Amino acid sequence: MKKIIPLVIVVLMTSACSNDKAVSGKTKIAKAFIQENAVKINKEKNTIRERFSAPEGYVWIEEQPDSFGYFIENFKLKPYGSQIMKYDGTPIATQDLHEAVFDIDTGSKDLQQCADAAIRLRAEYLYKAKRFDEIKFHFTSGDLVSWNDYKNGIRAFVNGNTVSFRKTADFDDSYQNFRKYLDLIFNYAGTISLNKETKAVTKTSDLKTGDILITPGSPGHIVFISGVCKNKKGEKLFLLSEGFTPAQSIHTLLNPFDKNISPWYSLDVNSSETKTARYFFKPTNFRSF
């Protein structure tokens with residue numbers, strides 16, 4: 001369970017994802033409806049871009065090599081058929097709604113949940129690109145915590161209803177310390193804070209890999225776009241990935257509602273509701289870092 005800052009106890013309690021059992025029951029996806037994919041899946045390949053072919057008539061959109069989208073689409077995946085594992089090393093109950101598992105640790109505590117999965121990949125991208133000044137996230141309380149401060153030994157302290165910061169550790173820019181910083185962010189950030197520090201995407205044509213679909217609050221949830229293709233008319237289809245509660249493997253969803261394009265999704269920023277394999281977003285709220 002994430003720690004609570006007294007001042008924002010109600011807000012923080014409403015910022016986590018729904019649990020797996022609740023969402024699976026909500027969607028009520030009949031197993032008979034989940035059929036063999038019409039889209040070719042290259043099961044021997046181990047990146048999003050290589051594993052998932054575009055549907056007939058569509059082609060992958062090229063991403064710039066230094067972009068967040070390129071980072072996601074070329075992130076290493078675990079072998080096809082890998083299970084979604086919880087932070088404690090046990091498999092989740094629902095294993096029939098995903099097509100890929102990202103090859104990245106979940107940590108040993110129940111911290112890296114839905115919003116945290118998007119934060120994790122964004123932070124890892126910036127860290128790899130050495131864009132350290134941009135690695136900063138807000139707590140749900142509104143306090144901004146940067147990697148630059150953390151690696152310089154500045155720590156957050158909770159005292160009653162306030163959060164204060166002071167230097168208590170030596171300089172440490174190791175990756176191990178970076179993971180400790182991220183666990184701190186996972187502990188106090190969530191769907192509400194991430195919604196506030198991202199920008200709205202108002203046109204479907206502007207959606208790109210790395211953008212998020214988010215419901216802030218209770219129950220809150222986030223999925224992120226992990227691939228984009230388009231046809232000659234300019235119409236786009238999208239791959240969606242997520243983390244979940246309890247903390248578990250980041251994974252790419254199949255599309256149980258349209259087997260002809262699964263795991264791709266047709267999305268519309270103006271839709272009143274967007275259905276994904278494990279969560280229904282109402283209203284639709286796409287945002288970009």
Side-chain angles (χ1 to χ4, degrees), residues 16-24 26-27 29 31 34 37 39 41-52 68-69 71-108 110-125 182 186 191 194 209-215 220-228 237-257 259 261-265 267 274-281:
C17 312
S18 298
N19 61 47
D20 177 46
K21 181 178 179 181
V23 175
S24 294
K26 179 180 178 181
T27 55
I29 300 167
K31 288 187 177 181
I34 304 173
N37 300 70
V39 176
I41 296 179
N42 306 301
K43 298 180 180 181
E44 76 284 358
K45 301 296 185 181
N46 289 318
T47 66
I48 294 282
R49 180 64 183 262
E50 293 177 326
R51 181 171 293 179
F52 300 111
F68 184 37
F71 176 82
I72 291 175
E73 292 176 4
N74 291 277
F75 201 94
K76 184 180 179 183
L77 301 174
K78 291 186 175 181
Y80 186 82
S82 293
Q83 291 187 310
I84 298 172
M85 307 297 290
K86 292 186 286 187
Y87 67 95
D88 61 3
T90 62
I92 68 167
T94 306
Q95 296 287 348
D96 57 357
L97 296 176
H98 71 282
E99 285 287 5
V101 174
F102 283 63
D103 190 4
I104 189 170
D105 73 276
T106 307
S108 58
D110 190 8
L111 293 175
Q112 187 175 290
Q113 300 175 0
C114 60
D116 312 308
I119 290 172
R120 176 71 186 278
L121 290 179
R122 180 66 181 178
E124 291 281 355
Y125 159 68
L182 288 178
F186 300 161
T191 55
L194 195 55
T209 300
D211 289 348
I212 59 176
L213 172 58
I214 179 171
T215 295
H221 190 51
I222 290 175
V223 299
F224 61 91
I225 296 174
S226 47
V228 186
L237 295 176
F238 307 86
L239 295 173
L240 298 176
S241 299
E242 66 177 8
F244 219 87
T245 300
Q248 58 194 252
S249 310
I250 301 174
H251 52 276
T252 301
L253 297 165
L254 57 71
N255 180 354
F257 310 105
K259 68 180 182 64
I261 61 171
S262 182
W264 298 87
Y265 283 77
L267 302 175
T274 298
K275 297 179 180 180
T276 68
R278 298 176 68 191
Y279 191 87
F280 293 179
F281 292 85

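Hydrogens, waters and symmetry mates play no part in the numbers below; they use all other heavy atoms, side chains included. On a predicted model such as this, the values are computed, not experimentally measured, just so you know.
Salt bridge status for D105 with R120: present, with a side-chain N to carboxylate O gap under 4.0 Å.
The line from CG of L237 to CG of L267 is 8.5 Å long, rounded to the nearest 0.5 Å. Considering CG of L97 and CD1 of I84, their distance stands at 8.0 Å, rounded to 0.5 Å. Taking NE2 of H98 as the start and OG of S241 as the end, the distance is 11.0 Å to the nearest 0.5 Å. Note that the CZ atom of F280 and the NZ atom of K275 stand 5.0 Å from one another [nearest 0.5 Å]. Atom CG of residue L240 and atom CG of residue D211 lie 11.0 Å apart, to the nearest 0.5 angstrom. For the atom pair SG of C114 and CG of L194, the computed distance is 9.0 Å after rounding to the nearest 0.5 Å.
Taking the six-membered ring for Trp and thresholds of 30 and 60 degrees, F68 and F71 have nearly parallel ring planes, at less than 30 degrees apart. Note: F102 and F224 have perpendicular aromatic rings, judged against thresholds of 30 and 60 degrees for the angle between ring planes.
E242 places no side-chain N or O within donor-acceptor distance of the main-chain N or O of T252, the cut-off being under 3.5 Å. Remark: side-chain polar atoms of D103 are not paired, donor with acceptor, to backbone N or O of K78 under 3.5 angstrom. A side-chain donor-acceptor contact under 3.5 Å links D88 to the backbone of T90. With hydrogens and angles ignored, the 3.5 Å screen pairs a side-chain donor or acceptor of Q248 with a backbone N or O of P246.
Taking every heavy atom of both residues into account, T215 and F281 meet most closely at OG1-CD2, 3.3 Å. When all heavy atoms of T94 and I92 are compared, the pair lying nearest together is O-CD1, 3.0 Å. Across every non-hydrogen atom of L77 and I48, the tightest pair is CD1-N, 3.6 Å. The heavy-atom pair separating P256 from A277 by the smallest distance is CD-CB, 3.8 Å. Nearest heavy-atom pair, P263 versus I41, reported as atom, atom and distance to 0.1 Å: CD-CD1, 4.4 Å. The heavy-atom pair separating S249 from Q83 by the smallest distance is OG-O, 4.2 Å.
Here the two rings, on Y265 and F238, have centers that are 6.0 Å apart or farther. No close placement of the H251 and F244 rings is indicated, their centers lying 6.0 Å or farther apart.
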Does the pair N74 and E50 meet the rule for a side-chain contact (heavy atoms from CB on, under 4.5 Å), with working shown? CA-CA 8 Å; N74 291 277; E50 293 177 326; 5.9 Å; no

When you look at W264 and L239, which way does the side-chain contact (heavy atoms from CB on, under 4.5 Å) test go after all the steps? CA-CA 5 Å; W264 298 87; L239 295 173; 3.7 Å; yes

Decide side-chain contact (heavy atoms from CB on, under 4.5 Å) for F52 and V39; before the verdict, give the C-alpha distance in whole Å, the side-chain angles of both, and the deciding distance to 0.1 Å. CA-CA 8 Å; F52 300 111; V39 176; over 6 Å; no

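In this structure, V101 and I250 have side chains that are not in contact, with every pair of non-hydrogen atoms separated by 4.5 Å or more. Contact check for E124 versus I104: side-chain heavy atoms found under the 4.5 Å cut-off.
Cation-pi geometry between R51 and Y80 is not satisfied (NZ or CZ under 6.0 Å from the ring centre, within 45° of the ring normal).
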